[in-house]
Undergrad: 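Take this structure, written in structure tokens, and hold onto it; I'll ask about it next.
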Amino acid sequence: MCGRYASARDKHQLLEEFQVELDGDPDEELRPDYNVAPTKNVYAVLSRVPKDAERAVRQLRIVKWGLVPAWAKDPSVGSRMINARIETVAEKPSYRQAFAKRRCLLPADGYFEWMPVEGDKKKKQPYFIHPEDGGVLAMAGLYEFWKDPGRADDDPLKWLVTCTVITTDAEDDLGRIHDRMPMMIEQERWAEWLDPKLTDPKQASGLLVPAQSGRLTAHPVSTDVNNVRNNGPELIEPLPPEEESALL
């Protein structure tokens with residue numbers, strides 16, 4: 001699964017890196033977050049046809065992590081839908097409509113996974129997994145709209161926009177840490193993945209190609225990341241050499 005990640009790039013950087021045409025939330029900007037956890041607000045890149053427009057426009061929106069299906073009676077289900085498995089995302093009722101019509105990219109600097117410590121079944125060592133070249137990760141995601149029946153139509157909180165991260169089997173080098181990883185979308189496939197006109201699940205599935213082996217690297221980090229209240233660039237810094245050697 002993908003349960004924590006880092007997203008520290010500012011809005012201006014993301015607008016440029018993802019060639020965004022429209023800032024969907026111009027009056028709001030998220031702070032750099034080195035410990036993104038489920039139910040937090042995150043940035044999502046998506047493509048939609050604005051009202052009275054003739055074509056889809058690439059947008060940057062702020063959404064809540066934890067997908068709430070349109071038919072859900074209660075938005076609290078989102079906390080259990082932070083990940084969608086690539087093997088079943090096109091068929092599961094919770095995700096299939098979004099997979100066909102509402103795909104997005106979730107920008108990240110990297111993500112965290114925990115590996116059991118040999119000789120101590122109760123202890124797990126966190127690792128930060130990120131592009132070796134320092135580039136941005138474009139995690140494959142889905143987004144959905146949920147209408148709150150208890151709010152008036154003119155209430156700005158009437159609609160809740162949520163997202164989920166699609167996961168896949170981890171590549172060989174990373175599988176030793178955890179057997180699952182976020183699905184990445186390479187830049188040459190961004191336009192197709194975001195295209196709202198692409199509604200064939202089989203065609204969309206064909207765009208989900210595992211990341212090239214060796215593109216990502218991992219290093220152990222402080223267990224401070226275990227507490228969601230901790231946040232700062234120190235969470236993604238490698239452990240000191242003496243602490244890292246103790247893990248070997």
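This chain uses plain numbering: 1 for the first residue, then up along the sequence. As the structure is a prediction and not an experimental result, all values here were calculated from the model.
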Undergrad: Whether Glu192 and Lys197 form a salt bridge (side-chain N of Lys/Arg under 4.0 Å from carboxylate O of Asp/Glu) is what I want to check.
TA: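 No salt bridge links Lys197 with Glu192.
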Undergrad: Once you round to the nearest 0.5 Å, how far does CZ of Phe145 lie from CZ of Arg102?
TA: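 Interatomic distance, Phe145 CZ to Arg102 CZ, rounded to 0.5 Å: 7.5 Å.
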Undergrad: Looking at CD1 of Ile166 and CE of Met184, how far apart are the two atoms once the value is rounded to the nearest 0.5 Å?
TA: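 Atom-to-atom, Ile166:CD1 and Met184:CE are 12.0 Å apart.
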Undergrad: Taking the side chain as every heavy atom from C-beta outward, state whether Val161 and Arg61 have any pair of such atoms under 4.5 Å apart.
TA: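 Yes - at least one pair of side-chain heavy atoms lies under 4.5 Å apart.
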Undergrad: Quick one: closest heavy-atom pair of Val89 and Leu142, and the distance?
TA: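 So the two residues come closest at CG2-CD1, 3.6 Å.
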Undergrad: If you define the side chain from C-beta out and look only at heavy atoms, does anything of Glu29 sit under 4.5 Å from Tyr43?
TA: yes
Undergrad: Rounded to the nearest 0.5 Å, how far apart are OG of Ser47 and CD of Glu21?
TA: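 Taking OG in Ser47 and CD in Glu21, the distance rounds to 7.5 Å.
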Undergrad: Would one find more than 12 heavy atoms of other residues, nucleotides or ligands at under 6.0 Å from atom NZ of Lys158?
TA: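 Yes, NZ of Lys158 has more than 12 neighbouring heavy atoms, counting only those of other groups under 6.0 Å.
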Undergrad: To the nearest 0.5 Å, how far apart are CG in Asp25 and CG in Asn41?
TA: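 Spacing of CG (Asp25) from CG (Asn41) equals 9.0 Å.
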Undergrad: In sequence, state the C-alpha distance, the side-chain angles, and the governing distance for Leu46 and Leu60, and then conclude on side-chain contact (heavy atoms from CB on, under 4.5 Å).
TA: CA-CA 7 Å; Leu46 50 97; Leu60 184 70; over 6 Å; no
Undergrad: Working to the nearest 0.5 angstrom, can you tell me the gap between Gln125 CD and Thr223 OG1?
TA: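 The distance works out to 7.0 Å.
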Undergrad: If you draw a 6.0 Å radius around NZ in Lys11, do more than 12 non-hydrogen atoms from other residues or ligands fall strictly inside?
TA: yes
Undergrad: Going only through I, L, V, M, F, W and Y residues with side-chain contacts under 4.5 Å, is there a path from Met81 to Ile86?
TA: yes
Undergrad: Identify the heavy atoms of Leu235 and Val221 that sit nearest to each other, and give their distance.
TA: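 Minimum heavy-atom contact is O-CB, 3.4 Å.
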Undergrad: Treating Ile, Leu, Val, Met, Phe, Trp and Tyr as nodes and any side-chain heavy-atom pair under 4.5 angstrom as an edge, say whether Met181 and Phe112 lie in one connected cluster.
TA: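 No, Met181 does not connect to Phe112 through the hydrophobic network.
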Undergrad: May I ask whether Trp193 and Leu14 are part of the same hydrophobic cluster, defined by side-chain heavy atoms of I, L, V, M, F, W, Y residues being less than 4.5 angstrom apart, directly or through others?
TA: yes
Undergrad: Between Asp154, Asp148, Asp153, which is the residue that forms a salt bridge (charged side-chain N to carboxylate O under 4.0 Å, His left out) with Arg151?
TA: Asp148
Undergrad: Could you pull out the closest heavy-atom pair between Val68 and Asp74, with the gap in Å?
TA: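 Heavy atoms of Val68 and Asp74 come nearest at CG1-O, 4.4 Å.
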Undergrad: Do the side chains of Leu30 and Asp10 get nearer than 4.5 Å, heavy atoms only?
TA: no
Undergrad: So with a 6.0 Å cut-off around CD of Glu188, is the heavy-atom count from everything else above 12?
TA: yes
Undergrad: Taking all non-hydrogen atoms of both residues into account, name the closest pair between Ala218 and Ile177 and its distance.
TA: CB-CD1, 3.7 Å
Undergrad: Checking the side chain of Lys40 only, and the main-chain atoms of Asn35 only, is there a donor and an acceptor separated by less than 3.5 Å?
TA: yes
Undergrad: Just by distance, with hydrogens left out, do Thr167 and Arg180 show a side-chain donor and acceptor under 3.5 Å apart?
TA: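 The criterion, which ignores hydrogens and geometry beyond distance, is satisfied for Arg180 and Thr167.
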Undergrad: As a test of understanding, state which of Tyr34, Tyr111, Trp65 forms a ring pair (Phe, Tyr, Trp, His ring centres under 6.0 Å) with Tyr5.
TA: Trp65
Undergrad: Does one side chain, of Asp33 or Asn231, offer a donor that lies under 3.5 Å from an acceptor on the other?
TA: yes
Undergrad: Less than 4.0 Å between a side-chain N and a carboxylate O, is that true for Glu132 and Arg215?
TA: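 Judged by the 4.0 Å cut-off on N to carboxylate O distance, Arg215 and Glu132 do not form a salt bridge.
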Undergrad: Please confirm whether the backbone N or O of Phe99 pairs with a side-chain atom of Arg103, one donor and one acceptor, at under 3.5 Å?
TA: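 Checked: pair present.
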Undergrad: Is the shortest heavy-atom distance from the side chain of Asp179 to the side chain of Asp169 under 4.5 Å?
TA: no
Undergrad: Show the nearest heavy-atom pair for residues Trp146 and Ala72, with the distance to one decimal.
TA: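 Heavy atoms of Trp146 and Ala72 come nearest at NE1-O, 2.7 Å.
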Undergrad: Taking the side chain from His219 and the backbone from Ile236, do they hold a donor-acceptor pair closer than 3.5 Å?
TA: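 A pair under 3.5 Å: yes.
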Undergrad: Quick one: do Val136 and Arg9 satisfy side-chain contact (heavy atoms from CB on, under 4.5 Å)? Show the steps, please.
TA: CA-CA 9 Å; Val136 67; Arg9 283 169 165 79; 3.9 Å; yes
Undergrad: Taking side chain as C-beta onward, heavy atoms only, is Thr162 less than 4.5 Å from Val63?
TA: no
Undergrad: Assigning hydrophobic clusters by single linkage (Ile, Leu, Val, Met, Phe, Trp, Tyr; side-chain heavy-atom cutoff under 4.5 Å), is Ile129 placed with Met183?
TA: no
Undergrad: Once the angle between the rings of Trp190 and Phe18 is folded into 0 to 90°, is it parallel (under 30°), tilted (30 to 60°) or perpendicular (over 60°)?
TA: parallel
Undergrad: I want to check something: taking the side chain as every heavy atom from C-beta on, are Arg4 and Val228 in contact at a cut-off of under 4.5 Å?
TA: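 Yes - at least one pair of side-chain heavy atoms lies under 4.5 Å apart.
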Undergrad: Considering only heavy atoms from C-beta outward, does the side chain of Thr217 approach that of His130 to under 4.5 Å?
TA: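 A side-chain contact exists here, since the closest heavy-atom pair is under 4.5 Å.
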Undergrad: Run Lys124 and Met115 through side-chain contact (heavy atoms from CB on, under 4.5 Å) and show every step you take.
TA: CA-CA 5 Å; Lys124 291 186 177 182; Met115 184 170 73; over 6 Å; no
Undergrad: Determine whether Val165 and Ile62 fall in the same hydrophobic cluster, where Ile, Leu, Val, Met, Phe, Trp and Tyr are linked whenever their side-chain heavy atoms lie under 4.5 Å apart.
TA: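 As far as the 4.5 Å side-chain criterion goes, Ile62 and Val165 are not connected within one cluster.
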Undergrad: Do Val42 and Val36 touch side chain to side chain, with heavy atoms closer than 4.5 Å?
TA: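 Side chain of Val42 against side chain of Val36, heavy atoms only: contact under 4.5 Å found.
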Undergrad: Between Gln19 and Arg58, does a side-chain contact (heavy atoms from CB on, under 4.5 Å) hold up when you go through it step by step?
TA: CA-CA 8 Å; Gln19 301 167 359; Arg58 189 174 296 185; 4.2 Å; yes
Undergrad: Distance check, rounded to the nearest 0.5 Å: Ile82 atom CD1 versus Thr39 atom OG1?
TA: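 Between Ile82 CD1 and Thr39 OG1, I get 9.5 Å after rounding to 0.5 Å.
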Undergrad: Mind checking whether Tyr127 and Trp114 have ring centres under 6.0 Å apart?
TA: no
Undergrad: Considering non-hydrogen atoms only, spot the tightest contact between Leu208 and Ala140 and give its length.
TA: CD2-CB, 4.0 Å
Undergrad: Would you indicate whether Lys101, at its atom NZ, is surrounded by more than 12 heavy atoms from other residues, nucleotides or ligands within a distance under 6.0 Å?
TA: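 Count not over threshold, so no.
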Undergrad: Any chance the side chains of Arg48 and Tyr143 put a donor and an acceptor closer than 3.5 Å?
TA: yes
